[in-house]
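Quick one: this structure, given as structure tokens, is what I'll be asking you about.
All values below come from the heavy atoms of this structure, side chains included, with hydrogens, waters and symmetry mates left out. If you're wondering where the values come from, they're calculated on a predicted model, not measured in any experiment.
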Amino acid sequence: MTTVTQCLRRAEELVESDSARLDVEVLLTHVFNVDRAWLYSWSDRVLDAAQLEQFEALFQRRLNGEPVAYITGEKEFWSLPLAVNFSTLIPRPDTELLIEHALVLPLPENARVLDLGTGTGAIALALASEKPNWQITAVDVSPEAVALAACNARNLEASNVRVLQSDWFGALRGEVFDLILSNPPYISENDEHLNQGDVRFEPATALVSAKQGYADLEKIIEDSGLYLNAGGWLVVEHGFQQGEKITALMRDNGFVEVSLHQDLGGNDRASMGRKNGY
């Protein structure tokens with residue numbers, strides 16, 4: 001007989017994971033459809049044959065390096081449960097930095113907001129949950145990502161979010177927004193980290209950008225002025241070594257009040273600026 005406690009001890013086998021204990025906890029909560037607290041209240045619970053078979057299958061996938069979010073098909077972001085699959089990046093806590101700064105900007109009560117490269121819809125849906133009067137557009141070039149984001153919007157009953165397929169601003173001609181946010185691809189194609197950890201399983205198109213990781217960021221910054229109202233804001237996520245160049249690029253493109261912000265680890269992770277025009 002195998003108990004919850006015995007399963008939790010299997011974390012010792014996940015030597016390449018930085019969060020081995022949490023990984024096993026999440027797999028078990030998925031098997032039992034419970035929260036993590038339950039695991040410790042019922043640590044002596046014996047898994048039946050079906051539960052044990054399911055846990056072993058999930059655990060083997062994690063042992064092979066597959067991200068837990070892809071294994072369970074779900075990831076929490078801004079306390080929202082989001083469906084995830086191999087068509088998109090897995091939402092990361094550091095991206096919540098964009099939400100935190102967006103929510104304190106001086107925007108209209110019924111602001112029009114654009115999330116570029118939405119993936120799972122994480123940014124758009126987090127903002128929608130906090131600002132039901134905002135009208136939010138979420139776009140992605142991948143039809144699979146668009147379908148996933150739309151599914152998440154329906155599941156969360158986010159009626160103020162529309163999801164479109166668009167290559168950056170391609171399907172948005174003539175529209176203007178009060179806020180544009182993006183977590184675009186910003187990793188260089190020869191970055192060694194692409195062969196390590198969870199990113200090995202994530203779509204390269206959502207990770208890698210040309211020009212040493214700057215191509216998509218440059219396009220967004222250079223084109224966003226055409227799609228922002230006067231005084232509108234642009235907020236982008238970028239690599240920890242890209243902050244100086246990105247803030248300079250914002251200023252070169254007419255943005256004012258440009259600022260650089262750090263993630264949970266103290267690394268430069270997001271830059272923002274306001275379109276001049278007040």
Side-chain angles (χ1 to χ4, degrees), residues 88-102 105 113-124 126-127 137-142 145 149 164-172 175-194 199 202-228 232-276:
T88 70
L89 292 184
I90 299 168
R92 289 167 168 76
D94 286 338
T95 301
E96 293 186 354
L97 181 68
L98 276 65
I99 312 302
E100 294 169 2
H101 287 287
L105 291 173
V113 178
L114 173 62
D115 173 18
L116 287 170
T118 194
T120 61
I123 292 172
L127 293 174
T137 299
V139 305
D140 203 289
V141 69
S142 163
L164 304 174
Q165 185 175 356
S166 179
D167 186 359
W168 300 131
F169 297 100
L172 302 169
E175 298 195 41
V176 290
F177 302 88
D178 301 296
L179 170 64
I180 296 173
L181 308 99
S182 184
N183 176 19
Y186 55 74
I187 299 177
S188 173
E189 59 189 355
N190 57 5
D191 192 305
E192 62 181 13
H193 296 97
L194 292 171
V199 297
E202 295 180 284
T205 53
L207 291 165
V208 177
S209 188
K211 298 175 67 174
Q212 298 299 305
Y214 286 98
D216 292 298
L217 283 161
E218 288 179 358
K219 180 172 179 57
I220 290 167
I221 294 169
E222 291 168 359
D223 291 355
S224 60
L226 298 173
Y227 298 89
L228 278 170
W233 290 84
L234 173 65
V235 184
V236 296
E237 181 172 328
H238 51 69
F240 71 96
Q241 295 178 316
Q242 295 174 324
E244 184 176 344
K245 185 170 180 177
I246 293 305
T247 52
L249 187 61
M250 282 187 165
R251 294 188 182 95
D252 290 345
N253 280 271
F255 286 90
V256 297
E257 298 181 43
V258 175
S259 56
L260 177 60
H261 302 274
Q262 287 71 46
D263 61 20
L264 298 171
N267 300 306
D268 291 346
R269 186 61 62 191
S271 292
M272 58 191 295
R274 178 174 64 80
K275 179 182 176 180
N276 206 357

How many angstroms lie between CD1 in I221 and CG in N253, if you round to the nearest 0.5 Å?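 The CG atom of N253 is 7.0 Å from CD1 of I221, to the nearest 0.5 Å.
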Any salt bridge (charged side-chain N to carboxylate O under 4.0 Å, His left out) involving residues 214-223? Give me the pairs, sequence neighbours left out, ordered by first then second residue.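 Matches after skipping sequence neighbours: K211-E218, K219-D223.
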Is atom CD of Q262 surrounded by more than 12 heavy atoms (other residues, nucleotides or ligands) closer than 6.0 Å?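 Buried by this count: over 12 neighbours within 6.0 Å.
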Can you check whether D94 reaches F240 side chain to side chain, under 4.5 Å on heavy atoms?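 They are not in contact (no side-chain heavy atoms under 4.5 Å apart), so the answer is no.
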Once rounded to the nearest 0.5 Å, what's the spacing between atom OH of Y227 and atom OG1 of T137?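 One finds 13.0 Å between OH of Y227 and OG1 of T137.
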Does G119 offer a backbone N or O that forms a donor-acceptor pair with the side chain of T88 under 3.5 Å?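 No, the answer is negative, given that no donor and acceptor are paired below the 3.5 Å cut-off.
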Minimal non-hydrogen separation, A102 against L127, with atom names: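 The pair with the smallest heavy-atom distance is CB-CD2, 4.0 Å.
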Please round to the nearest 0.5 Å and tell me the distance separating atom CG of L179 and atom CG of L98.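 Going from the CG atom of L179 to the CG atom of L98 covers 9.0 Å.
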Return the CZ to CZ distance between F169 and F177, rounded to the nearest 0.5 Å.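 Rounded to the nearest 0.5 Å, the CZ-CZ separation comes to 8.5 Å.
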Any pair with a residue in residues 243-253 that passes salt bridge (charged side-chain N to carboxylate O under 4.0 Å, His left out), sequence neighbours left out, goes on the list, sorted by first then second residue, please.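 Qualifying pairs, neighbours excluded: none.
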Could you report the tightest heavy-atom contact between Q242 and Q212, atom names first, then the distance?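 For Q242 and Q212, the tightest heavy-atom pair comes out as NE2-O, 4.0 Å.
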Partners passing side-chain contact (heavy atoms from CB on, under 4.5 Å) against V176 (at least two apart in sequence or in another chain):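 For V176, the residues satisfying side-chain contact (heavy atoms from CB on, under 4.5 Å) (neighbours in sequence not counted) are N229.
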Taking side chain as C-beta onward, heavy atoms only, is V208 less than 4.5 Å from P185?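 V208 does not reach P185 side chain to side chain.
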List the atom of L116, the atom of V139, and the distance in Å for their closest heavy-atom pair.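 Scanning both residues, the minimum pair turns out to be CD2-CG2, 3.6 Å.
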What I'd like to find out is whether the side chain of D178 reaches to under 4.5 Å of the side chain of V113, using heavy atoms alone.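 Not in contact.
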Using modelled atom types only, decide if a donor and an acceptor are shared between the side chain of K275 and the backbone of G232 within a distance under 3.5 Å.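 Checking the backbone N and O of G232 against the side chain of K275, no donor-acceptor pair under 3.5 Å is found.
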Looking at every heavy atom in both H238 and A270, which two are closest together, and how far apart are they?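 What the structure gives for the nearest pair is NE2-C, 3.4 Å.
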Just do the salt bridge (Lys or Arg N to Asp or Glu O under 4.0 Å) check on R269 and E100 with the steps written out, would you? CA-CA 13 Å; R269 186 61 62 191; E100 294 169 2; over 6 Å; no
Kindly assign one of parallel, tilted or perpendicular to the pair H261 and H101, based on the angle between their ring planes and the thresholds 30° and 60°.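 H261 vs H101 ring planes: tilted.
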Do Y186 and E237 have side-chain N/O donor and acceptor atoms under 3.5 Å apart?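 Y186 vs E237: donor-acceptor pair found between side chains.
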Would R92 and N183 count as a side chain to side chain contact (heavy atoms under 4.5 Å, CB included) if you check the C-alpha gap in whole Å, the side-chain angles of each, and the deciding distance to 0.1 Å? CA-CA 11 Å; R92 289 167 168 76; N183 176 19; over 6 Å; no
What distance do S209 atom OG and I187 atom CD1 have between them, rounded to the nearest 0.5 Å?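 Atom-to-atom, S209:OG and I187:CD1 are 10.0 Å apart.
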Student check: side-chain heavy atoms of L217 and P184 closer than 4.5 Å: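 L217 reaches P184 side chain to side chain.
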Side-chain touch L264/P93, heavy atoms, less than 4.5 angstrom: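 Side chain of L264 against side chain of P93, heavy atoms only: contact under 4.5 Å found.
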Inter-residue atom distance L164.CG - L172.CG, 0.5 Å rounding: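 These two atoms lie 6.5 Å from each other.
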Shortest non-hydrogen contact between T120 and L89, atoms and distance: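 Looking at all heavy atoms of both residues, the shortest contact is CG2-O, 3.8 Å.
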Q241 CD: over 12 foreign heavy atoms closer than 6.0 Å: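 No, because the 6.0 Å sphere around CD of Q241 holds 12 heavy atoms or fewer from other groups.
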So do E175 and L114 actually touch side chain to side chain, heavy atoms under 4.5 Å?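 L114 does not reach E175 side chain to side chain.
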Can you tell me which residue among V256, L234, L105 is in a side-chain contact (heavy atoms from CB on, under 4.5 Å) with R274?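 Among V256, L234, L105, the one that satisfies the side-chain contact (heavy atoms from CB on, under 4.5 Å) with R274 is V256.
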Where D115 and A124 come nearest, the two heavy atoms and their spacing: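 Distance-wise, the nearest heavy atoms are OD2-N, 3.3 Å.
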